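Step one of this worksheet: look at the structure below.
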Amino acid sequence: MDYERYDRVRAVIWNGNALDLLDQRVLPLQQTRVICGDVGEVAQAIFDLVVRGAPAIGIAAAWGLVLAARRVEAGSGSEAAAALVGATNQLNEARPTAVNLAWALRRMNAALASAGANWRDVLASEAAAIEAEDLVANRHMGQLGAALIAAGSGVLTHCNTGSLATSGFGTALGVIRAGVAEGRIGKVYAGETRPWLQGARLTVWELLQDGIPATLIADSAAAYLMSTGQVQWVIVGADRITANGDVANKIGTYALAIAARHHGVKFMVVAPSSTVDMRTASGSEIEIEQRSESELLGYAGQRTVAEGVRAWNPVFDVTPAELIDAIVTERGVVLRPDAQRMAEAWNGVDLS
Ligand code: MRU
């Protein structure tokens with residue numbers, strides 16, 4: 001497919017000297033970039049959601065470690081890894097649910113462990129590889145996922161899983177890009193994704209850049225939309241997929257899966273294998289990130305809820321495997337996932 005035409009936005013750019021991030025807090029009204037010159041700035045940008053989306057967080061953290069390495073004097077990779085423990089922890093703690101963060105940092109440290117005097121080059125090459133492999137995986141998943149969709153289907157997506165959330169093309173949004181390009185998807189709906197509005201502020205903007213028309217709905221309109229027969233698939237990304245096929249993703253995903261099953265709408269999860277956490281048995285073991293009440297109690301710095309009201313703001317939920325029709329990774333498609341099918345699909349994969 002014509003990737004240039006369908007994939008124009010880039011959120012995370014290593015400019016050779018610093019990490020250049022498209023500030024997702026202010027999109028789409030402002031398109032400003034935040035330049036991170038040290039690891040503390042990268043960790044803060046991840047925590048503040050300047051950069052967000054599981055794969056993009058992992059990629060940013062990898063480059064954050066490259067920045068941290070500048071302050072380290074070491075004769076070998078293992079010496080450097082020991083000196084980078086603090087920076088690794090600082091990045092790891094920025095957000096807890098998306099496993100790509102820990103995965104990328106583990107991979108960077110593993111590369112260091114076997115590196116010699118050229119460990120700085122090894123570290124930078126590993127970060128570049130993590131970024132490049134993500135784009136390749138996304139394009140492949142786009143083809144695999146789109147192949148499941150019958151021509152002329154309507155789809156609903158949640159949060160932002162596009163180029164803004166990855167090194168490019170996106171996961172669920174990659175399937176939607178490929179599905180639109182192939183004529184399989186006739187209509188795209190995006191939920192606004194309260195409270196941070198990844199759908200309303202990011203997804204429909206990103207699709208607009210690529211000439212893909214998308215219709216925004218209030219999250220609370222999803223079940224009714226399904227009841228009208230206008231969508232055949234809900235397609236979402238993931239922040240962590242556990243060994244039994246449970247999926248942690250943006251808050252509201254679980255409700256969509258329940259509504260989809262009730263209406264006979266199929267439910268697809270699209271994520272690279274860097275999001276699959278075979279070390280964790282089930283979704284109940286995943287730490288769910290809680291964010292500030294202020295995300296619910298006001299908008300754009302302005303309080304909209306009466307003073308004195310408290311809020312509960314978990315930003316992810318867990319969709320049980322039994323509500324999922326297909327998990328698509330670059331390794332292939334797992335239909336009706338469960339522990340056995342996941343184990344078969346991940347058989348022989350190095351989990352170190
Ligand atoms: O809080 P966010 O915006 O980082 O949450 C993002 C999501 O939940 C995405 O669906 C997920 O990370 C997959 S992005 C390809």
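Counting convention: from 1, in listed order, for ligands and their atoms alike. Bear in mind the structure is a predicted one, so any value in this text is a computation, not a measurement.
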Looking only at heavy atoms, is any part of C159 under 4.0 Å from ligand 1, and if so is it the side chain, the backbone, or both, or is it neither? side chain
Can you give me the closest heavy-atom contact between A260 and V234, atom names plus distance? CB-CG2, 4.2 Å
For T161, counting its heavy atoms only, list the atoms of ligand 1 lying under 4.0 Å from any of them. 10 (O), 14 (S), 15 (C)
Between E131 and W63, is any side-chain donor less than 3.5 angstrom from a side-chain acceptor? yes
Against the six-membered ring of W196, is R201 placed for a cation-pi contact (under 6.0 Å from the centre, within 45° of the normal)? yes
Using a 4.0 Å heavy-atom threshold (strictly under), name the region of A238 that reaches ligand 1: side chain, backbone, both or neither. backbone
Polar-atom distance check: A165 versus ligand 1, any N or O pair below 3.5 Å? no
Record the part of W196 in heavy-atom contact with ligand 1 below 4.0 Å; permitted values are side chain, backbone, both and neither. neither
Which residue owns the protein heavy atom closest to atom 3 (O) of ligand 1, what's the atom, and how far is it? R52 NE, 2.7 Å
So for ligand 1, is A54 a polar contact partner (N or O within less than 3.5 Å, distance only)? yes
Pairing of R177 and D210 as salt bridge, 4.0 angstrom limit: yes
Relative to F316, does R95 satisfy both conditions: NZ or CZ under 6.0 angstrom from the six-membered ring centre, and within 45 degrees of the ring's axis? no
When the ring planes of Y3 and F169 are compared, do they come out parallel, tilted or perpendicular, using 30° and 60° as the limits? perpendicular
Do the charged groups of R25 and D23 touch, with an N to O distance under 4.0 Å? yes
Hey, is T275 touching ligand 1 through its side chain, its backbone, both or neither, going by heavy atoms under 4.0 Å? neither
Checking side-chain polar atoms at under 3.5 Å, does N244 have a donor or acceptor matched by the opposite partner on S282? no
Near Q198 (heavy-atom distance under 4.0 Å), the atoms of ligand 1 are 1 (O), 2 (P), 3 (O)
I'd like to check which ligand 1 atoms, numbered from 1 as shown, lie under 4.0 Å from a non-hydrogen atom of D239. 7 (C), 8 (O), 9 (C), 11 (C), 12 (O)
Please say whether T171 places an N or O atom under 3.5 Å from an N or O atom belonging to ligand 1. no
Please work out whether any backbone atom (N, CA, C, O) or any side-chain heavy atom from C-beta onward of H158 is under 4.0 Å from ligand 1, and answer side chain, backbone, both or neither. neither
Are N15 and N17 close enough that a side-chain donor and a side-chain acceptor fall under 3.5 Å? no
Are side-chain N/O atoms of T97 and D239 paired as donor and acceptor at under 3.5 Å? no
Close-contact set for ligand 1 against K250 heavy atoms, below 4.0 Å: 1 (O), 2 (P), 5 (O), 8 (O)
Of all the non-hydrogen atoms in the protein, which one sits nearest to atom 4 (O) of ligand 1, and at what distance? R95 NH1, 2.7 Å
Sub-4.0 Å atoms of ligand 1 with respect to non-hydrogen atoms of F316: 1 (O), 5 (O), 8 (O)
Top protein contact for atom 10 (O) of ligand 1, by heavy-atom distance: N249 OD1, 2.6 Å
Check for a donor-acceptor pair, side chain of H262 on one end and backbone N or O of A257 on the other, with a separation under 3.5 Å. no
Can you name the atoms of ligand 1, numbered from 1 with element, that are less than 4.0 Å from a heavy atom of T166? 15 (C)
